[in-house]
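Beneath this line is the structure, given in structure tokens, with notes to follow.
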Amino acid sequence: VTLLVAVSGWEPEAWAKRLRRLMPGRTVLTTDGQGLFEGDDAALAEVRYALVWKPRPEVLERLPQLEVIFSLGAGVDHILGLPQLPDVPVVRIVDPDLTGRMVEYVVWQVLHHHRRGPEYARQQSERQWRERRQPAAHEVTIGIMGLGVLGQAAAVALGRLGFRLAGWSRSEKQLPDMACFHGTEGLAPFLGQTDILVALLPLTPETSGILNYKLFAQMKREGPLGGPVVINAGRGGSQVEADIVAALEDGKLKGASLDVFETEPLPPDSPLWSRPEVVITPHNAAVSDPEALTRQIAGQIAAYERGAPLKNLVDTARGY
Ligand SMILES: NC(=O)c1ccc[n+]([C@@H]2O[C@H](COP(=O)([O-])OP(=O)(O)OC[C@H]3O[C@@H](n4cnc5c(N)ncnc54)[C@H](OP(=O)(O)O)[C@@H]3O)[C@@H](O)[C@H]2O)c1
């Protein structure tokens with residue numbers, strides 16, 4: 001049985017060497033770091049499982065025995081957006097290692113804005129000792145867009161810190177200690193009570209460009225932080241960066257933390273770079289750790305070969 005690690009922009013051997021150790025007796029092929037496979041079709045003809053990050057369609061098309069595609073990230077827009085997708089199940093990552101990393105990022109950024117990080121950074125640069133009013137967590141509502149694996153885990157951590165919680169998803173939900181909203185009709189009431197918006201949405205045609213000026217203008221205006229804040233760690237395609245800048249300029253937004261961007265890497269001439277109230281990280285809120293995730297995928301393959309159903313299947317029609 002042969003596996004193929006097909007990744008663009010990542011180091012394929014970091015994954016392959018761990019898979020060879022975890023799954024002795026299997027052949028593990030890799031593309032190069034640009035996703036290209038230079039070997040012959042006979043080798044690819046044996047591939048049953050493809051482990052992919054931003055794969056090249058021309059490589060996936062050369063796998064006649066392919067049974068399962070494993071996304072090496074939680075998101076699958078890098079697969080579902082391909083012009084031609086082999087007709088096999090797509091499995092995504094759900095793993096406590098990755099979830100824990102995202103919870104860290106969300107808590108870090110929420111607390112940064114909540115504890116007035118940008119203002120104190122400016123004061124420090126001016127050697128200014130000035131105490132600002134600090135609301136308590138229970139005075140502030142965190143609105144989480146996307147109540148999936150990551151959104152719900154972030155909500156639990158933020159709830160423990162005492163924040164009020166609101167959430168928005170596609171389907172109706174009932175979650176403890178959270179005001180839950182869903183669908184197009186639920187968006188305005190959700191935004192109307194949100195001080196800090198945390199977006200953990202997959203990129204689909206419905207969520208593309210959803211974080212725009214019109215949405216920011218619907219967020220709670222009289223909150224204790226002096227203006228709404230947006231945090232996006234989902235996908236950059238969900239945000240309109242020109243609108244974020246415009247909203248920061250005219251005060252519709254007070255701050256932002258962005259881990260993902262319309263174009264990655266974020267171009268050097270983006271006006272976002274120079275804004276002190278914006279925190280920029282290079283799409284690493286929750287990185288896929290080869291050590292943790294190869295163990296999880298090897299376990300899934302072993303179970304699948306014993307006849308167990310695949311877990312964490314993607315609904316390709318729904319787009320996530
Ligand atoms: N920055 C990073 O480092 C990083 C790392 C990992 C993942 N991510 C991103 O985070 C995303 C979320 O991951 P996850 O594991 O939490 O995904 P998930 O479990 O599939 O949850 C997705 C959530 O988004 C909601 N949603 C989808 N489309 C919607 C729509 N049109 N309107 C309203 N809600 C909608 C879903 O609603 P339902 O509950 O009703 O289905 C669900 O609650 C991934 O897709 C990926 O893009 C980023």
Side-chain angles (χ1 to χ4, degrees), residues 1-82 84-102 149-150 202 282-316 320:
V1 173
T2 300
L3 285 74
L4 172 70
V5 176
V7 295
S8 304
W10 286 5
E11 172 48 60
E13 266 311 305
W15 299 86
K17 71 176 185 212
R18 290 177 169 85
L19 290 164
R20 292 187 190 108
R21 197 182 62 216
L22 287 165
M23 307 176 80
R26 316 281 178 126
T27 304
V28 181
L29 304 174
T30 66
T31 62
D32 64 17
Q34 275 72 55
L36 296 166
F37 187 79
E38 300 297 352
D40 58 13
D41 281 348
L44 291 183
E46 304 295 320
V47 171
R48 298 230 323 249
Y49 309 109
L51 285 60
V52 309
W53 179 252
K54 298 184 182 164
R56 299 239 183 194
E58 64 269 29
V59 174
L60 292 186
E61 280 161 19
R62 289 163 68 196
L63 310 175
Q65 303 285 339
L66 185 65
E67 284 182 39
V68 186
I69 296 176
F70 291 91
S71 169
L72 292 178
V76 290
D77 47 296
H78 64 111
I79 302 171
L80 302 189
L82 293 175
Q84 250 156 18
L85 189 62
D87 187 18
V88 298
V90 178
V91 170
R92 73 188 194 96
I93 286 293
V94 175
D95 188 88
D97 179 279
L98 187 139
T99 303
R101 290 165 194 265
M102 183 58 86
V149 173
L150 302 180
H283 197 149
N284 70 342
V287 293
S288 292
D289 175 50
E291 188 66 33
L293 303 190
T294 49
R295 245 182 286 132
Q296 134 101 237
I297 291 170
Q300 269 255 57
I301 290 176
Y304 169 73
E305 291 181 349
R306 287 195 302 269
L310 290 164
K311 287 187 288 189
N312 310 321
L313 279 171
V314 172
D315 181 336
T316 49
Y320 65 97

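Contact between Val94 and Gln296 at its shortest, heavy atoms only, is O-NE2, 2.9 Å. Here the closest heavy-atom approach between residue Leu98 and residue Val287 is recorded as CD1-O, 4.1 Å. Between Ser71 and Ile93, the closest heavy-atom pair is O-CG1, 3.2 Å. Considering every non-hydrogen atom in both Ser288 and Leu72, the closest pair reads OG-O, 2.6 Å. Closest heavy-atom contact between Ser8 and Gly35: OG-CA, 3.7 Å. Summarising the geometry of Pro12 relative to Val5, their closest heavy-atom pair is O-CG1, 4.1 Å, with the distance given to 0.1 Å.
With hydrogens and angles ignored, the 3.5 Å screen pairs no side-chain donor or acceptor of Arg92 with any backbone N or O of Gly75. The closest donor-acceptor contact from the side chain of Arg56 to the backbone of Ala6 lies at 3.5 Å or more, if one exists at all. Looking only at distances, no side-chain donor or acceptor of Thr31 sits under 3.5 Å from a matching main-chain atom of Phe37.
Atom CD of Glu58 is separated from atom CZ of Arg62 by 8.5 Å, given to the nearest 0.5 angstrom. Interatomic distance, Arg20 CZ to Thr27 OG1, rounded to the nearest 0.5 Å: 9.0 Å. Atom CD1 in Ile69 sits 13.5 Å away from atom OH in Tyr49 (nearest 0.5 Å). Rounding to the nearest 0.5 angstrom, the gap separating the CZ atom in Phe70 from the CG atom in Leu3 is 8.0 Å. Here the CG-CD1 distance, from Leu51 to Ile297, works out to 4.5 Å after rounding to the nearest 0.5 Å. The distance from the CD atom of Glu13 to the CG atom of Leu19 is 10.0 Å, given to the nearest 0.5 Å.
For an aromatic pair to be called close, the ring centres must be under 6.0 Å apart, and Trp53 with Trp15 fails this.
The shortest distance between side-chain heavy atoms of Asn312 and Val149 does not fall below 4.5 Å. For the pair Gln300 and Val68, the minimum side-chain heavy-atom distance is 4.5 Å or more. Side-chain contact between Arg18 and Arg295 is absent, with no heavy atoms from C-beta onward closer than 4.5 Å. Contact annotation: the side chain of Val52 approaches that of His78 to within less than 4.5 Å [non-hydrogen atoms, C-beta and beyond].
Counting non-hydrogen atoms of neighbouring residues, nucleotides and ligands closer than 6.0 angstrom, the CD atom of Gln84 reaches no more than 12 such neighbours. Within 6.0 Å of the CG atom in Asp41, the count of heavy atoms belonging to other residues, nucleotides or ligands exceeds 12.
Look at Glu291 and Arg21 and you find a salt bridge, because one of the NZ, NE, NH1 or NH2 atoms lies within 4.0 Å of a carboxylate O, short of that distance.
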* Asked: Which is it for Arg26 and Ile301 under the side-chain contact (heavy atoms from CB on, under 4.5 Å) test, yes or no, and what are the steps along the way?
  -> CA-CA 12 Å; Arg26 316 281 178 126; Ile301 290 176; 4.0 Å; yes
